[in-house]
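Before any comments, here is the structure.
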2 protein chains.
Amino acid sequence: MSKQKINIKDVAARAKVHPSTVSRVLNPTTRSMVSMDVADRVQKIADQMGYARSSLASGLRTGKSFTVGVIIPDLSNPVFPPVVRGIERALGAEGYIAILADSDNSQRSERAIFDSLKARSIDGLILATAHIDDPVVSACVAEDLPVVLVNRTVDAHDVTEVINNDDLGIELAVSHLTELGHRRIAFLGGPMDTTTGRDRRRTFERLGREGQFSFDPDICVNCAAFTEAAGHDGMNRILRHEGAFTAVVASNDLLAIGCYDALAECGLACPDDVSVTGFNDMRFVDRLSPPLTSIHIQHDQLGVQAANLLLEEIRDDKAPRKTVRLDPELIVRGSTAAPSTSS
Amino acid sequence: MSKQKINIKDVAARAKVHPSTVSRVLNPTTRSMVSMDVADRVQKIADQMGYARSSLASGLRTGKSFTVGVIIPDLSNPVFPPVVRGIERALGAEGYIAILADSDNSQRSERAIFDSLKARSIDGLILATAHIDDPVVSACVAEDLPVVLVNRTVDAHDVTEVINNDDLGIELAVSHLTELGHRRIAFLGGPMDTTTGRDRRRTFERLGREGQFSFDPDICVNCAAFTEAAGHDGMNRILRHEGAFTAVVASNDLLAIGCYDALAECGLACPDDVSVTGFNDMRFVDRLSPPLTSIHIQHDQLGVQAANLLLEEIRDDKAPRKTVRLDPELIVRGSTAAPSTSS
DNA sequence: TTGTAGGCGTTATCAC
DNA sequence: GTGATAACGCCTACAA
């Protein structure tokens, strides 16, 4: 049975060489130090015996664990699974694995997770949880732990990040609506302590001030979280105002879904009475009724590039911090239409 | 700076005690062996210095890593994220963490992932990927690695499993339809190499033979995968047959969505022409058009219980293998209605 | 090219 | 109750 864990010494004994020789053979970097015939023989025996290096022991010795932490704010938000898959695929290709943790949108548990990850001597960290002012990010920087932010970023530090071009995203949404003829546009924003929440709102305001439509702060709300419930709530706040509007830009698809609910409760039809745009183009929004016009972000690439940049930094201390900004795309579906002339 | 990792020796030096004493203090199990005052002092100093035990070193010495592997067939299938969250929550509460891997529905990569996990000396494994005959499960059993299957199971081994009561699920779907008056019911099944695929079909057939409706193998197909595309394809195969039917039982929500597409392409309306039931009640199926009648399974509990049973087995070699079968619930929505009298 | 020896940080075991 | 010692499995100067 392979029940019994076999180690480098066992292999050495069978191959009649010293354990260090076996170590050298099994290590791509040092393999060239050993003669071809011995190397082949050792390799064959190791395979036969089903030897597998203990990453604990080798990690202890070398200080590298080939393990990366990944913290996600909410795995049940369909934006993240594809990002996670991208991360895993890219890491796996290089022999790294991911410890995944869900912070449940709580900064406190993010911190706790971070501490627990540190104790496991991870080689690096990918954070999808960044807040504008984020102690975990600061800690990584202070401790020189390689870290890459994905989707969201922070203000303070020079940290590698792979984010969506949110300016472009909001521009696409707004110009789509203005081209349809909308002039009074409401905004359903996200939490202002995240860059995605804040920056999408900023861009929206800027476009308003630039005259692309008539900006009215009364119909621009910030939601407490990127959830359907928060979107529902936020939309109700907008509806309470007098300000007429013919369209809503939601800064996230879940908010848009909450918006759908609030509109329906008021007897407003989408897109006949109000057009709605989402953001992220998460899975299944094409099957809502009406199918949601949204801003498609490159979920997969977000993950893949984050992982690859992290590996670069792990391998090279001095690798410069980078910012990758991926361009999104407007996907027009049934939730947007020209404003009805009657309104 | 805490940049410099501090270890048990550093703490010992500062506290003027032997490293083993520090180890004893920091270890809940052995803390009682040391006098209260020394324990307190050491603890305080350790906290001050920001000491964090190296889980690598301690794992190497003790043979326990407090790490569990989790293999998921497809994280982008919305059934799994809540299961994963349940797993993580339960593991985290006990100081364990999860290495998550997505096998991409491929048995080959499942095997590769398994090997890579083994090398990381995980304490146990949770598999959501089980096939009826699964070499990875066999390997776990052979090597005495604690393993828990979730959602799907295997035939051959006596392995702890946390699964949905699929018999009940199909019964709920079928009796809902027969109560509505349906007599000719089609079946859109999953891959026959998974227990979920096979057993749901078996139950469906049994109910047919028992006379609950008229069973017709021509309108019962097995899909190659639990995906929309496979469901679409499968439904087309059903539609090609002469056999008239007024309802479809899909053995998974993604298949049901594919079914929606195929029906729409044929100009058949749901539920007016054909009623459809899904299975899993994954997130957002309540927002499809029409909202999908589905079998709600306890996603979260599936994960939580799997994690807890795994912890039991990790802690006690001799813990008996258990089977937990969670009862699902029928959620009636807009995709089912009485058959139209015209058909 | 291969062997030797020491240590990564922790803890089990023995001795005091 | 505390200290000393060895070992978990691996890697890497250094020596031969």
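We name chains A, B, ... by the order of the sequence lines, and we start the count at 1 in each one. Model, not experiment: these values are computed from the prediction.
Residue A:K64 contributes atom NZ, which lies 15 Å from atom C1' of D:dC11 at whole-angstrom precision. Taking atom NZ of residue B:K16 and atom C1' of nucleotide D:dT2, one finds them 17 Å apart after rounding to whole Å. When the P atom of D:dC10 is taken as reference, atom CG of B:L60 falls 9 Å away, rounded to whole Å. As rounded to whole Å, 10 Å separates atom P of D:dC11 from atom CZ of A:F66.
Scored by the side chain to side chain donor-acceptor pair (under 3.5 Å) test, A:Q305 finds A:Q301 as partners (sequence neighbours excluded). Not a single side chain to side chain donor-acceptor pair (under 3.5 Å) links A:N151 to another residue, sequence neighbours left out. For A:F80, there are no ring pair (Phe, Tyr, Trp, His ring centres under 6.0 Å) partners two or more places apart in sequence or in a different chain. Checked against side chain to side chain donor-acceptor pair (under 3.5 Å), A:Q107 has no partners two or more places apart in sequence or in another chain. Among residues two or more places apart in sequence or in another chain, the ring pair (Phe, Tyr, Trp, His ring centres under 6.0 Å) test is passed with B:Y96 by B:F66. In terms of the ring pair (Phe, Tyr, Trp, His ring centres under 6.0 Å) criterion, A:Y51 has no residue partners (sequence neighbours excluded).
Bending across the helix from C:dT1-D:dA16 to C:dC16-D:dG1, expressed as the angle between its end axes from five pairs apiece, amounts to 40° (10° rounding).
Within the 4.5 Å cutoff, no side-chain heavy atoms of A:S54 are placed close to those of A:N7. Taking the side chain as every heavy atom from C-beta outward, B:R321 and B:H157 never approach each other to under 4.5 Å. The side-chain heavy atoms of B:I87 and B:V68, taken from C-beta on, include no pair separated by under 4.5 Å.
Residues of residues 28-58 of chain B that place a heavy atom closer than 4.0 Å to DNA chain D, in numerical order, are B:M33, B:V34, B:S35, B:V38.
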Pairs of donor and acceptor atoms involving the side chains of residues 14-23 of chain B, under 3.5 Å and at least two apart or interchain, shall be tabulated with distances.
unit_1: B:H18; atom_1: ND1; unit_2: B:S20; atom_2: N; d: 3.1
unit_1: B:H18; atom_1: ND1; unit_2: B:S20; atom_2: OG; d: 2.5

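The side-chain hydrogen bond (donor to acceptor under 3.5 Å, both in side chains) contacts involving residues 127-136 of chain A comprise A:E110-A:T129, where partners must be two or more places apart or lie in separate chains.
Backbone-only engagement by A:I8 is indicated by non-hydrogen atom pairs under 4.0 Å involving sugar-phosphate atoms exclusively.
Phosphate contact (OP1/OP2 of D:dC8, side-chain N/O of A:N7, threshold under 4.0 Å): absent.
The closest donor-acceptor contact from the side chain of B:R120 to the backbone of A:S65 lies under 3.5 Å.
The nucleotide range of DNA chain C contacted by chain B, defined by atoms under 4.0 angstrom from heavy atoms of the protein and reported 5' to 3', is C:dG9 to C:dT13.
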Nucleotides 5-7 of chain D: which of its N/O atoms have a protein N/O under 3.5 Å away?
none

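Here the rule is side-chain contact (heavy atoms from CB on, under 4.5 Å) with A:V70, and of A:V150, A:L310, A:L100 only A:L100 fits it.
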